[in-house]
Trainee: 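Sharing a structure, written as structure tokens. Questions coming.
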Protein chains: 2
Amino acid sequence: MIPKGETMAIETIPAPMKQLYRDDQLEIDFVRGQALVQGNQLVLTRKEFELLAMLAANEGEIVPREVLMKRIWGYSMEIRTRTLDVHVRRLRRKIMEFGQPCIETVFGVGYRFQRYRADRQRQSFSSVACVAVPA
Amino acid sequence: MIPKGETMAIETIPAPMKQLYRDDQLEIDFVRGQALVQGNQLVLTRKEFELLAMLAANEGEIVPREVLMKRIWGYSMEIRTRTLDVHVRRLRRKIMEFGQPCIETVFGVGYRFQRYRADRQRQSFSSVACVAVPA
DNA sequence: ACTAGCTTTTACATTTTTTTTACAACTTGT
DNA sequence: ACAAGTTGTAAAAAAAATGTAAAAGCTAGT
């Protein structure tokens, strides 16, 4: 709460980001840094969690590789290494230990997190249409 | 109690902390500065007790290294020394003399005290989810 | 000033996480 | 089907964080 008579710089007002993400298989507590799949707590490293958090926070939206790299690794980071992919892989594997795949690859662009719905027969992620993204 | 007409910064209002902590193996009297494990009184130094108290007072929550260092050692304190770890070690050892481990390491962040439950087969602390820091 | 007990430092060992590398497999446009 | 570009994978290397033992430094009480 902001005390009477005091002001706060716009920039410091925290974004109204949701505190947690939740669907039929996954629950993420962005604040406490915890994630549960089908009730099982995921053991994630920092980078893995950041990745999951960024993707889930933009569920349904494509997050370009560049954006992920810039936000998670900072401005530098050579494109020629497979660092991002390796982290995606490890994250996917940990999620699939208890649940269904929810991170799809958008060829040539980046990754997209898809909300899981129990009623759907299956998430068909086999291939994904390419999407143009605003620069 | 805050006198009428006065204000107090949110941060300085003391939390309504309980006088003692208690679970199936450990009992801590924050006021008297005593701790019992399975009925055995622990012989703790001041720093060790402060550490245990801070962690137990936040049971289930991760307490970052920085917070522990700031609160127990004051603002200064070089990050390059192993002081905190050494105290954690000695505290853990004393607790385990009579009981089960209850202080887990959260890699890259800090430590977390976990309430002991007699019904649980075992506390599996092997590894722990990491916490991401909100950008 | 001396001692006993507590605290901090130091120097490594160990563990965990992150990055790199080399190559395989896959997409897409032609 | 081919070529070019992109992503997936496994394993190893590198980096970062934590654990440990021993010694040195402090401090309160005498």
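Reminder, nothing fancy here: chain letters follow the sequence lines and each chain counts from 1. Reckoned from all heavy atoms, side chains included, excluding hydrogens, waters and symmetry mates.
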Trainee: Among dT8(C), dG19(D), dG8(D), which is the nearest nucleotide to the side chain of Asp85(A)?
Mentor: dG8(D)

Trainee: Rounded to whole angstroms, how far apart are NZ on Lys47(A) and P on dT20(C)?
Mentor: 10 Å

Trainee: Kindly say whether Ile103(A) contributes a backbone atom to a donor-acceptor pair with the side chain of Arg92(A) at under 3.5 angstrom?
Mentor: yes

Trainee: Between Asp23(A) and Phe113(A), is any pair of side-chain heavy atoms under 4.5 Å apart?
Mentor: yes

Trainee: Heavy atoms under 4.0 Å, any strand shown: does Thr45(B) hit a base, just sugar-phosphate, or nothing?
Mentor: sugar-phosphate

Trainee: Give the rounded distance in Å between these two atoms: CZ of Arg92(A) and C1' of dT9(D).
Mentor: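 Rounded to the whole Å, the gap is 12 Å.
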
Trainee: What nucleotide among dT8(C), dT6(D), dT20(C) has an atom nearest to a side-chain atom of Trp73(B)?
Mentor: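 The listed nucleotide nearest to Trp73(B)'s side chain is dT8(C).
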
Trainee: May I ask you to evaluate whether Thr83(B) reaches the phosphate of dT7(C), defined as a side-chain N or O under 4.0 Å from OP1 or OP2?
Mentor: no

Trainee: Would you say that more than 12 heavy atoms from the other residues, nucleotides or ligands in this model lie under 6.0 Å from the CD of Gln34(B), or not?
Mentor: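 Correct, the count exceeds 12.
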
Trainee: Under 4.0 Å, counting only non-hydrogen atoms across every strand here, what does Val88(A) touch: a base, just sugar-phosphate, or nothing?
Mentor: nothing

Trainee: Please give, in whole Å, the distance from dG5(C) C1' to Arg46(B) CZ?
Mentor: 12 Å

Trainee: Across the strands shown, which category fits Arg82(A) at heavy-atom distances under 4.0 angstrom: base, sugar-phosphate, nothing?
Mentor: base

Trainee: With a 4.5 Å cut-off on side-chain heavy atoms, are Ile28(A) and Leu20(A) touching?
Mentor: no

Trainee: Measure from CZ on Arg93(B) to C1' on dT18(D) and round the result to the nearest Å.
Mentor: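 About 16 Å, once rounded to whole Å.
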
Trainee: dT20(D) C1' sits how many Å from Leu91(B) CG, rounded?
Mentor: 16 Å

Trainee: Looking for any heavy atom pair under 4.0 Å, which part of the strands does Arg90(B) touch: base, sugar-phosphate only, or nothing?
Mentor: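 Base contact.
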
Trainee: Is it true that the side chains of Glu104(A) and Gln114(A) contain a donor and an acceptor less than 3.5 Å apart?
Mentor: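 Yes, a side-chain donor-acceptor pair sits under 3.5 Å.
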
Trainee: So if I take every side-chain heavy atom of Tyr111(A) and compare against dT18(C), dT20(D), dG8(D), which nucleotide ends up nearest?
Mentor: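 Looking only at heavy atoms from C-beta outward on Tyr111(A), the closest nucleotide is dG8(D).
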
Trainee: Report the distance from atom CE of Met69(A) to atom P of dT18(C), rounded to the nearest whole Å.
Mentor: 17 Å

Trainee: Considering just the side-chain nitrogens and oxygens of Thr81(A), establish if one lies under 4.0 Å of OP1 or OP2 belonging to dT19(C).
Mentor: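 No, Thr81(A) has no side-chain N/O under 4.0 Å of OP1/OP2 on dT19(C).
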
Trainee: Let me know the distance between CD1 of Ile103(B) and P of dG19(D), rounded to the nearest Å.
Mentor: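 Result: 11 Å.
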
Trainee: Just the rounded figure in Å: distance from P of dT20(C) to CG of Leu84(A).
Mentor: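 In whole Å, dT20(C) P and Leu84(A) CG are 12 Å from each other.
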
Trainee: At less than 4.0 Å, is any side-chain N or O atom of His87(B) found next to OP1 or OP2 of dT8(C)? Yes or no.
Mentor: yes

Trainee: With a cut-off of less than 4.0 Å, is there a side-chain N or O of Thr105(A) near OP1 or OP2 of dG8(D)?
Mentor: yes

